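Given the structure is predicted, the values throughout are model-derived calculations rather than measurements. Every chain is numbered from 1 and lettered A, B, ... according to where its sequence line falls, protein lines coming before strand lines.
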Amino acid sequence: MGEIDRIAEPWGTRAAYGPGEFWPVRVDVRLDDGVRPADVDEWVQSATILHSNGDGLDIAVKDGRIVGVRGRADDRVNHGRLGPKDLFGYQANNSADRLTTPLVRRDGELVETDWDTAMAAVAGRTRELLAERGPSSVGFYTTGQLFLEEYYTLALIARGGIGTNHLDGNTRLCTATAAAALKETFACDGQPGSYTDVDHADVIALYGHNMAETQTVLWTRILDRLAGPNPPKILCVDPRRTPVAAAATIHLAPKPGTNVALMNAILHEIIANEWVDRDYVDRHTIGYDELAKQVADCDPEWAAAICDVPPGDIRDAARLLGTAERLLSTVLQGFYQSHQATAAAVQVNNVNLLRGMLGRPGCGILQMNGQPTAENTRECGADGDLPGFRNWANEDQVADLAKVWNVDPTQIPHYSEPTHLMQMLRYVEDGSIRFLYVSGTNPAVSLPELARVRKLLSQERLFLVVQDIFLSETAELADVVLPAATWGEKTGTFTNADRTVHLSEKAVEPPGTARADLDIFLDYARRLELTDKDGEPLVKWTDAEGAFEAWKECSAGRPCDYSGLSYEKLRGGSGIQWPCNAEHPDGTERIYTNGEFWSEPSYCESYGKDLVTGAPLDPVEYEAMNPSGKAVLKAAEYLELHEPPTSEYPYLLTTGRTLYHFHTRTKTGRVRQLQNAAPEVWVEMSPYDAELQGWDEGDLLRISTSRGSVRARLRISGIRPATLFLPFHYGYWDAPDERSARAANELTATDWDPCSKQPLFKCAAARVERIGVGNAPSPAPTTTASKPVVAGVSPTRGGTDAVVLEHFPAKGDER
Amino acid sequence: MTNKVGLAIRELHRAENDLAAELLQVSSRHKSDHEIFYLGRDLARWSQNHVRELAKHGKNYEVDLDAEAHDEPSLLATVRQKGAELIGGLHDPSLLLLKDLREIHRKAAGVSLDWEVLAQTAQALKDTELLTLTKTCHPQTLRQLRWANASLKANAAQIMVTP
């Protein structure tokens, strides 16, 4: 057992292992100061909630209070490990400023009230609008951070009860492109790969995926492989010198917004060098000829001129991929939140398909998620999908859903794709949506072009409901604020990015009168008197387990089949991957084995879209194109940026995250170890640009786009030239100076990928000027992609405040 | 014998220019509908490229066409975009969006048929160069057409049903 500062050492101690070997167990434990393991009254099973990795953990409870966490040694995802956000983040539950009572706006001020008054106002306004303006005047915006049971209940209320098409999640900002890319290639959502592919791969390619910071435990698994015999080679595509880039065999740093050009050149090389598995392609895919034609002229020299990457590096990268024996590809926000998001992510799928590397150990695709329960938002239809990956354009599948819900099929809007968030905001703007119910997300900081978002959400004619655990920047604009319980205070299940389902049990009571999101939704449904077609209550469950049982019925026979799972089965276990049914009672590690897909026309979730225009294919077109349900090699042409740099705005601004924070810091900003590690916004610039301008580390800069300005201190980092980076976490609830803007999204544009409808946060034209000379380095972490290139910056440390115990079991004792 | 092929190229050159201008105008008029704004501009570029290519091929049939495609004058663009922002908070003007998408669809359908005529002609004349051009350009016209249809479908219900 060893002690370690896990702020200074985010990935902890190495436990090297070789290909095909078992990843050694390392159990990470963190308890409040002064609490010893023997003092803990009870350890309660759960999983991590501050990223998408889904690491199994136990919550330590003492005297009815959460006092720590411990990784679950037997969990298939983490083998006992936890990341810094999980090790310290639990403390946010105990914050003194949690919301404990409902609030309503009276004479312009939010004042405390009781639940009955608050819910009567919410349900009352809904009923008024339904009577006066119809269901299309009502919208719901949820999150990737509630539990499965809550999303499924909300989807039933909105789609089956109220009958509005306007329900989406903030997964639109984080994982919409993951889903869209899978739907384009495989005609259905569902993660092909498994985290265990890391144990077997000989090449791991990370595209716009700073895994070291977004999924620290999965990155730890890779670091342990890199420390062992026959380590995998790493390809990193990222404009910043991330920890992934530092560990990579090849690092490509393309100009933001040029991913499709880069990918097309890589595909060009793979085809030109005959690294294609023709047998796999012929038997299991369609579209090869169109793809080959599309990339025929996209040689590395062509791409080099667009991406500003040396052509030799593109050739080397293509050779690495083209000669890999077991290729694992992962993709995240560097592709998902950038120009031509879906088109670029689909080309990654194409690499694995061309190489026939899918559905075998080490051969996988991980189109990643950003949030802990984003997968459930997608499955349950609480985003722009119907529950159970049902196809909105397939009348039979809609009828099947209507049967499960005992409603008439016409009650479920399916005349067009469910409305995506950015379109919902447009309807809020033009006044056709007049009621917006926001749960578990903070659009007033996380959406692009914040001045516009604030204006829309502040409109008098809009009735805004915010359900959250803190008085967020969005809650401050609300008409009614509903205090929710969070992780550890309620029971439910959630599913990570590799389809692993975990049970999270209630460990403690929520503060004050705060209620589980599920209970609030159930109360709302009761007050609306929603009924099925027999006049019985529409929502037939009263607790989480009842919702889970109903979801099992809804998902049965669909790709995300939960019918073989139960709370009992998940209790005490190590997480189980769907599909889990009678045929696969222990779950399914990899899907798409043997080149079989869920893309058969009557079964598939999506008929696909035009990658440039977003126009959907109709059922007849799809059936003609893919009658026997193969994977689709879909080609895309490179398009120029919508907002290219100009002489007035010569830089490209990309926004992103840091290891120590999650989203808008509502939780992590209230945890001293995490907050101290990354206390304030910063801006990154390359040494080349800084020298050109004559600016130094720590200088105060003003960064502007045509939409606004923010101030931040300069960190001279390993980012590529002519590119700026701002972390998007910092809003205003704890801003030191209220008058100066610091949220990165003051600057971002209202523009989205036509296919996935994910907003583009990573390619805005910007300018920068110095407004003050610094007297100290910028407050950015030194352990991460924001590592300084100049000497003399004191390293990020947690000290005695951040000590974590690491326990390695004795040899032979670990399985 | 009259130069029918040259006339067909000239007519398509005009129609593509017209479609490009329509896409740009609609884009500007609906600046508050961001997808219409950006896609309208992306798809106008396809038509502008077609105009350039047609001018090049026109020479083979002795027609002299301007290779420079029509663009939206910046002053008009500014005026249209400002206007769009001014009425962005109102729902009723969104009916205009349906009308504009219908017009794009109508014009793109015309262009599509013109490409069809040209493709048939190229095959009969065994003009492989012209045939290749139609094979490159016509699919993009069909994508413009489908986009107009899909955008109309995605927006129609909210515009028509919600007061």
Side-chain angles (χ1 to χ4, degrees), chain A residues 129 132-139 164-166 290 293 339-340 393 413 415-420 422-434 448-449 452 455-456 459 461 609-618 621 637 639-643 749-754 757 759-760, chain B residues 23 27 30-46 48-49 78 81 84-97 101 104-105 108 132 135-137 139-163:
Chain A
L129 279 170
E132 290 166 15
R133 308 178 73 89
S136 294
S137 62
V138 173
T164 178
N165 211 16
H166 309 324
E290 290 94 315
K293 192 174 152 205
H339 180 56
Q340 294 198 278
Y415 38 81
S416 69
E417 189 174 22
T419 318
H420 64 91
M422 300 306 287
Q423 190 63 48
M424 275 169 55
L425 277 190
R426 172 69 193 127
Y427 295 152
V428 168
E429 183 174 36
D430 80 6
S432 62
I433 287 182
R434 301 241 166 150
E449 202 178 347
R452 171 175 180 262
K455 190 175 144 214
L456 301 191
Q459 292 176 96
R461 64 187 175 185
K609 293 177 178 176
D610 185 314
L611 291 177
V612 169
T613 69
L617 270 72
D618 70 34
E621 283 175 298
E637 65 263 56
L639 294 186
E640 282 169 36
L641 276 175
H642 287 158
E643 192 176 278
T750 305
D751 186 12
W752 55 85
D753 179 60
K757 316 297 183 187
L760 311 183
Chain B
L23 281 161
S27 160
H30 300 280
K31 184 160 191 255
S32 301
D33 281 287
H34 295 80
E35 193 167 295
I36 304 290
F37 176 71
Y38 286 112
L39 259 293
R41 289 180 135 59
D42 283 346
L43 300 190
R45 207 168 297 139
W46 287 352
Q48 290 174 328
N49 286 339
T78 308
Q81 292 173 26
E85 284 167 4
L86 284 175
I87 60 168
L90 304 175
H91 183 60
D92 286 343
S94 57
L95 268 175
L96 181 64
L97 177 62
L101 288 168
I104 288 173
H105 193 273
T132 306
K135 281 186 173 168
T136 311
C137 299
Q140 291 186 324
T141 310
L142 292 172
R143 291 165 77 187
Q144 291 169 323
L145 193 66
R146 277 199 214 105
W147 171 74
N149 187 83
S151 298
L152 185 127
K153 198 172 164 185
N155 285 288
Q158 188 79 7
I159 291 172
M160 297 303 292
V161 170
T162 312

Please flag which part of [X] lies under 4.5 Å from any non-hydrogen atom of chain B: side chain, backbone, both or neither.
X: A:Gln459; result: neither
X: A:Tyr427; result: side chain
X: A:Arg434; result: neither
X: A:Asp610; result: side chain
X: A:Val428; result: neither

Where along residues 141-148 of chain B does a heavy atom come under 4.5 Å of chain A, listed by residue number?
B:Arg143, B:Arg146, B:Trp147

Sequence neighbours left out, what passes side chain to side chain donor-acceptor pair (under 3.5 Å) with A:Asp753? Give chain and number order.
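A:Asp753: side chain to side chain donor-acceptor pair (under 3.5 Å) contacts with A:Thr342, A:Ser756.
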
Rounded to the nearest 0.5 Å, what's the gap from CG on B:Asn155 to CZ on A:Arg426? Could you check?
9.5 Å

Using 0.5 Å steps for rounding, measure from the OG atom of A:Ser416 to the CG atom of B:Leu152.
11.5 Å

Chain B shares the most heavy-atom pairs under 4.5 Å, among A:Met422, A:Arg452, A:Glu132, with A:Arg452

Which heavy atom of A:Ser432 sits nearest to which heavy atom of B:Thr162, and what is that distance?
O-CG2, 3.2 Å

Work out which heavy atom in A:Tyr415 is nearest to a heavy atom in B:Lys153; give both atom names and the distance.
O-CE, 3.8 Å

When you check the gap from the basic side-chain N to the acidic O, do B:Glu35 and A:Lys757 get nearer than 4.0 Å?
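A salt bridge is present here (some side-chain N lies under 4.0 Å from a carboxylate O).
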
Name of the residue among A:Asp430, A:Thr419, A:Ile433 meeting side-chain contact (heavy atoms from CB on, under 4.5 Å) with B:Gln158
A:Ile433

Flag the pair A:Glu637 / B:Trp46 as yes when at least one side-chain heavy-atom distance between them is below 4.5 Å, and no otherwise.
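Side chain of A:Glu637 against side chain of B:Trp46, heavy atoms only: contact under 4.5 Å found.
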
Could you check if a side-chain atom of B:His34 sits within less than 4.5 angstrom of a side-chain atom of A:Thr750, using non-hydrogen atoms only?
yes

For chain A, which of B:Gly88, B:Ala154, B:Pro93 has the most heavy-atom pairs under 4.5 Å?
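Ranked by heavy-atom pairs under 4.5 Å with chain A, first place is B:Gly88.
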
side-chain contact (heavy atoms from CB on, under 4.5 Å) evaluation trace for A:Glu429 with B:His91
CA-CA 9 Å; A:Glu429 183 174 36; B:His91 183 60; over 6 Å; no

[X], part contacting chain A, at a heavy-atom distance under 4.5 Å:
X: B:Leu43; answer: side chain
X: B:Arg45; answer: side chain
X: B:Ser151; answer: neither
X: B:Asp33; answer: both

